[in-house]
Every structure is written in C-alpha cells, then in structure tokens.
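Written out below as structure tokens is the structure these notes cover.
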Amino acid sequence: MNYWLMKSEPTTYSIEEMRRDRTCIWDGVRNYMARNFLQQMKVGDFCFFYHSNTKIPGIVGLVRVSEAHLVDPTQFDEKSPYYDPKATPESPRWQTVRVEFVERFPQIISLAELKNYFDPDELLLVRRGNRLSVMPIAPDIYDRILKLKLNSPANPW
DNA sequence: GCCAACGTTGGC
DNA sequence: GCCAACGTTGGC
C-alpha cells in the first residue's frame with residue numbers, strides 16, 4: 001500500500017465536487033515527475049486531497065485509487081486546456097488514475113499547520129520551492145497526518 | 001498582485 | 001548539450 005498527496009485548485013475541482021461525483025479521472029497533470037508518480041499508483045492506494053492556490057491551502061480530504069494506469073483522454077482533445085499536440089493515441093504521453101471519494105475532513109489540515117509539524121525532509125509538500133502536484137507520502141508520515149486530523153483544533157474553512 | 005522557484009523551449 | 005528566455009505554480 002502506498003500513500004500520496006494530490007493538489008487541486010478548488011476553483012478548478014474541489015473536495016466538494018469530488019464528494020458529489022464520488023469518482024473522477026485525475027486528468028490534466030502535465031509534469032513528468034508528477035506523471036511518473038501517477039504511473040506508480042496501485043488500486044487501493046490512498047491520496048490526500050489538497051487545495052492549492054486558495055485562501056487557506058491545505059489537506060481537505062482523502063480519496064482512493066480505483067483504477068490505475070489510465071491514459072489521460074484530455075491530451076487528445078483539441079478543445080481541452082490540457083491538449084497535447086505531441087501525444088497520439090498510439091503513443092500517449094500522459095497517464096493517470098481514477099480515484100474515488102473516501103472522506104472530506106471536518107477541518108482542513110492547513111499548510112501552515114503541516115509546516116509546524118513536519119520537516120522539509122519528511123514531507124515534500126513543505127520543501128521550499130516545491131511545485132509538484134502529485135507526490136508520495138511515507139507511511140509513517142501518513143499516519144501522523146491522520147492523527148493531526150483527529151487532534152487539530154477547529155479552524156476555519 | 002508580487003515574485004521566487006522551477007520546468008520547458010528553442011537557438012546555437 | 002548548454003543556457004537564456006519564457007511560462008507556470010502557488011504561497012503570501
């Protein structure tokens with residue numbers, strides 16, 4: 001079992017939409033390192049759902065991989081903002097996964113809180129200059145984040 | 001809105 | 001293959 005964190009801007013796709021849809025294809029990732037992590041995901045892996053580029057950035061819920069090794073269909077769609085003219089159905093460039101909703105956390109675990117509790121060497125997310133939208137989470141760090149969720153005082157979101 | 005950090009592109 | 005220019009991410 002592996003653990004991950006995936007970022008989404010809530011104006012693009014939020015945890016509320018994820019809860020409504022129950023499942024979605026995690027399309028639109030156009031960074032090779034992030035794609036390589038997506039390729040390593042297995043059915044049943046857990047992913048933290050992170051809201052980025054918003055007033056209070058942070059982890060807002062949990063999803064689970066329900067299908068692995070999917071071809072991202074948006075790369076072939078000329079009308080999609082994620083269209084990639086260099087990708088063809090014969091040799092696609094971008095793979096991804098389908099995820100299913102698990103839970104929306106009662107409180108956000110804010111980036112500020114995560115920075116307080118974790119060192120940059122344990123959690124990629126709080127490493128300076130990090131821009132990865134898909135990243136691995138070590139199992140022990142995953143457990144500690146879940147405990148934070150239970151213990152963290154109510155904060156606004 | 002600013003800007004640091006970083007990835008990508010393309011000329012050479 | 002180098003590297004300057006440019007575009008994007010995303011916190012603040």
Side-chain angles (χ1 to χ4, degrees), chain A residues 2-19 21 24-41 45-63 65 69-99 101 103-138 141-142 144-149 151-157:
Chain A
N2 293 308
Y3 303 96
W4 310 91
L5 180 146
M6 306 199 296
K7 296 180 182 175
S8 183
E9 301 193 9
T11 53
T12 303
Y13 195 73
S14 69
I15 189 71
E16 287 82 6
E17 288 165 283
M18 183 78 238
R19 178 168 59 182
D21 297 343
C24 74
I25 292 184
W26 204 261
D27 59 20
V29 171
R30 294 293 179 270
N31 169 284
Y32 288 105
M33 200 180 300
R35 182 204 64 181
N36 294 345
F37 287 133
L38 286 166
Q39 288 174 335
Q40 293 170 33
M41 290 185 182
D45 284 359
F46 286 100
C47 308
F48 286 123
F49 195 114
Y50 178 93
H51 278 179
S52 66
N53 204 10
T54 186
K55 196 146 195 170
I56 304 173
I59 296 171
V60 293
L62 193 63
V63 298
V65 176
H69 310 293
L70 300 181
V71 171
D72 182 340
T74 61
Q75 66 192 304
F76 310 125
D77 177 2
E78 289 185 42
K79 281 163 286 184
S80 167
Y82 307 123
Y83 176 62
D84 182 348
K86 291 178 181 162
T88 63
E90 296 74 36
S91 61
R93 288 190 159 191
W94 305 106
Q95 290 81 31
T96 188
V97 295
R98 176 178 288 278
V99 293
F101 178 79
E103 72 168 306
R104 175 190 188 273
F105 293 162
Q107 290 105 221
I108 188 171
I109 305 172
S110 70
L111 178 61
E113 198 174 352
L114 290 164
K115 282 180 171 168
N116 265 331
Y117 281 92
F118 297 100
D119 292 330
D121 58 322
E122 338 178 83
L123 184 60
L124 262 173
L125 182 74
V126 300
R127 210 168 287 179
R128 197 170 103 101
N130 165 65
R131 292 186 342 195
L132 256 190
S133 66
V134 177
M135 67 186 75
I137 303 283
I141 303 299
Y142 175 82
R144 285 170 60 197
I145 292 175
L146 280 188
K147 280 178 191 144
L148 263 188
K149 179 199 97 174
N151 299 337
S152 63
N155 49 26
W157 82 290

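A, B, ... follow the sequence lines: proteins, then strands. Residue 1 opens every chain. Only a predicted model underlies this, so the values are computations on that prediction, with no experimental measurement involved.
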Do any of residues 24-32 of chain A sit with a heavy atom less than 4.0 Å from DNA chain B, and if so which?
-> A:N31, A:Y32
Using a cut-off of strictly less than 4.0 Å between a heavy atom of the residue and any atom of DNA chain B, enumerate the qualifying residues of residues 120-133 of chain A by number.
-> A:R128, A:G129, A:R131
Comparing nearest nucleotides in DNA chain B, the 5'-proximal residue of the pair A:N53, A:K86 is A:N53
Just call it for A:K115: base, sugar-phosphate, or nothing, with non-hydrogen atoms closer than 4.0 Å on any strand.
-> sugar-phosphate
Relative to each other, are the rings of A:Y13 and A:F49 parallel, tilted or perpendicular (30° and 60° limits)?
-> tilted
Relative to each other, are the rings of A:W4 and A:F37 parallel, tilted or perpendicular (30° and 60° limits)?
-> tilted
Does OH belonging to A:Y117 count more than 12 external heavy atoms closer than 6.0 Å?
-> no
Kindly indicate whether the side chain of A:P136, heavy atoms from C-beta on, has any atom under 4.5 Å from the side chain of A:N2.
-> no
Between A:R104 (side chain) and A:G61 (backbone), is there a donor-acceptor pair under 3.5 Å?
-> no
Looking at residues at least two apart in the chain, or sitting in another chain, which of them share a salt bridge (charged side-chain N to carboxylate O under 4.0 Å, His left out) with A:R144?
-> A:E122
Give a yes or no on whether the ring-centroid distance for A:Y142 and A:F48 is below 6.0 angstrom.
-> yes
Using the side chain to side chain donor-acceptor pair (under 3.5 Å) rule, collect all pairs that involve residues 29-40 of chain A, keeping only residues at least two apart or in two chains.
-> A:R30-A:D72, A:R30-A:T74, A:Y32-A:R93, A:Q39-A:Q95
Applying side chain to side chain donor-acceptor pair (under 3.5 Å), which residue pairs with at least one partner in residues 52-63 of chain A are found, sequence neighbours left out?
-> A:E9-A:N53
Under 4.0 Å from any heavy atom of chain A: name the first and the last nucleotide of DNA chain C that qualifies, 5' to 3'.
-> C:dG7 to C:dC12
Which atom of A:A34 lies closest to which atom of A:V29, heavy atoms considered = CB-CG1, 3.5 Å
